[in-house]
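Report on the following structure.
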Amino acid sequence: MRGAVLHAPGDVRFEERTDPTIINPTDAVIRTVATCVCGSDLWDYRGINPVGQPTPFGHEYVGIVEEVGDEVTTVQAGQFVVGSFFASDNTCPNCRNGYQTNCLHREFVGAEGCQAERIRIPLADGTLVATPEVPDDTYVPSLLACSDVMGTGWYAAVAAEVRPGDTVAVVGDGAVGLCAVVAAEELGAERIIAMSRHESRQKLALEFGATDIVAERGEEGIARIKELTGGIGADRVLECVGNAESMRQALHSTRPGGNVGFVGVPHGVSLDGEELFYSHVGVRGGPAPVREFLPDLIDRVLSGRINPGEVFDLQLPLSAVAEGYKAMDERRAIKALLKP
């Protein structure tokens, strides 16, 4: 079995790895139909997160179940499945409250690397969702998006409590930010302001439902949001980057009484408690509980309501995974889809 291994910053190799097997009776092994490179993978690829040893990589996947453990009851061999990047039992109190990424028994699926030909999925019953039948290939990119970026963009909108009629600003024009535009539109936002400086991403944001584009950043970007909202700020702001500038832009673009949903993995982000106190802005975020949203998102994809797979503007064979990382690092691609 072959898959991607990150050896050092900028050094991704496609090489032989140990075949996955059933370890626990709650496991499943799936044959990967498609996987991809995530923007959060670039933190390691760029050396911002330290990589001390060769590490299997990737945490997004769709595939066909090949084998299940003796205790797995909800999926079976031959089914097409979509799963979250965190394995969850989907039965503990945190799962029942809709926060499967804080499952009391959670495991990071990406620990064994999903940019591979086959992968082991722990806690298969609580992690995987099977489609009614094996879908046509045209649906695969959008179903793959649901395993992370669409689910994460959706959580940004849910965490910010987007409601019908809201004005929503989206900070970040990567795959998650673009999917957050989809989510805001689906949840009834009347006005969606996408903050983007890249023409191809601006175009896709508009296709996904954005009504306005703001190219400015920092103080100029905040001022532009205020200008577009009568000097008050947006009702909801979806932060989809994870750095200090993007978080500051999100907080200062939100009206008093509004909410920020933040899903960008934080790097160098700190909040001033006194400033937050006097702003009257609510903040909620964290690792998206994708499993909570998967059944609904899968239905929206298969019914043709949403097509988040359009964020994949580069498709490569899995063996060319290194080029996928390079293209995203150099911003030549929004998101690279990989097929074994």
Problem set entry | Residues that Glu239 engages under salt bridge (Lys or Arg N to Asp or Glu O under 4.0 Å), provided they are two or more places apart | none
Exercise. In chain order, what residues pass the salt bridge (Lys or Arg N to Asp or Glu O under 4.0 Å) check against Arg300, with sequence neighbours excluded?
Worked result: Glu186, Asp296
Exercise. Counting N and O atoms only, with roles assigned by atom type, does the side chain of Arg191 sit under 3.5 Å from a partner on the main chain of Leu228, one being a donor and the other an acceptor?
Worked result: yes
For this session: Could you tell me whether a side-chain N or O of Asp41 sits under 3.5 Å from a main-chain N or O of Val37, the two making a donor and an acceptor?
Result: no
Exercise: identify the closest heavy-atom pair between [X] and [Y]:
{"X": "Gly242", "Y": "Ser246", "answer": "N-OG, 3.4 Å"}
{"X": "Ala34", "Y": "Leu337", "answer": "CB-CD2, 4.4 Å"}
{"X": "Leu104", "Y": "Cys92", "answer": "N-SG, 3.4 Å"}
{"X": "Leu128", "Y": "Tyr61", "answer": "CD2-CE1, 3.8 Å"}
{"X": "Leu294", "Y": "Ser84", "answer": "CD1-N, 4.1 Å"}
{"X": "Phe86", "Y": "Pro287", "answer": "CE1-CB, 4.4 Å"}

For this session: Kindly determine whether Cys38 and Met328 satisfy side-chain contact (heavy atoms from CB on, under 4.5 Å), including the steps that lead there.
Result: CA-CA 9 Å; Cys38 183; Met328 287 180 60; over 6 Å; no
[X] bridged to [Y] by N-O distance under 4.0 Å:
{"X": "Asp313", "Y": "Arg332", "answer": "no"}
{"X": "Arg17", "Y": "Glu117", "answer": "no"}
{"X": "Glu220", "Y": "Arg224", "answer": "no"}
{"X": "Arg46", "Y": "Asp44", "answer": "no"}

Could you tell me whether the side chain of [Y] reaches within less than 4.5 Å of the side chain of [X], counting heavy atoms only?
{"X": "Ile64", "Y": "Ile30", "answer": "no"}
{"X": "Val5", "Y": "Phe57", "answer": "no"}
{"X": "Val81", "Y": "Thr131", "answer": "no"}
{"X": "Glu310", "Y": "Glu207", "answer": "yes"}
{"X": "Ile298", "Y": "Leu143", "answer": "yes"}

For this session: Examine Val129 and Val72 and state if one hydrophobic cluster contains both, with Ile, Leu, Val, Met, Phe, Trp and Tyr joined whenever side-chain heavy atoms are less than 4.5 Å apart.
Result: no
I'd like to know whether [atom1] of [X] has more than 12 heavy-atom contacts from other residues, nucleotides or ligands below 6.0 angstrom.
{"X": "Glu274", "atom1": "CD", "answer": "no"}
{"X": "His280", "atom1": "NE2", "answer": "no"}
{"X": "Lys326", "atom1": "NZ", "answer": "no"}

Exercise. Just one of Leu238, Ile225, Val170 clears the side chain to side chain contact (heavy atoms under 4.5 Å, CB included) bar with Met195, so which one?
Worked result: Ile225
Exercise. With Thr35, which of Leu318, Ile119, Val62 fulfils side chain to side chain contact (heavy atoms under 4.5 Å, CB included)?
Worked result: Leu318
For this session: Please assess Phe14 against Arg2 for the test side-chain contact (heavy atoms from CB on, under 4.5 Å), listing each intermediate value before the final yes or no.
Result: CA-CA 7 Å; Phe14 184 67; Arg2 296 169 299 172; 3.5 Å; yes
Exercise. Does the pair His105 and Ser88 meet the rule for a side-chain contact (heavy atoms from CB on, under 4.5 Å), with working shown?
Worked result: CA-CA 6 Å; His105 306 102; Ser88 58; over 6 Å; no
Anything under 3.5 Å between a donor and an acceptor, one on a side chain of residues 150-160, the other on a protein residue two or more places apart or in another chain? List them.
from, atom 1, to, atom 2, distance (Å)
Thr152, OG1, Asp148, O, 3.0
Thr152, OG1, Asp148, OD1, 2.8
Tyr155, OH, Gly285, O, 3.2

Seminar exercise, completed: Only residue of Glu67, Glu112, Glu66 satisfying salt bridge (charged side-chain N to carboxylate O under 4.0 Å, His left out) with Arg118 is Glu66
Problem set entry | Check against side-chain contact (heavy atoms from CB on, under 4.5 Å), Asn90 and Arg291 | CA-CA 8 Å; Asn90 212 30; Arg291 177 60 181 83; 3.5 Å; yes
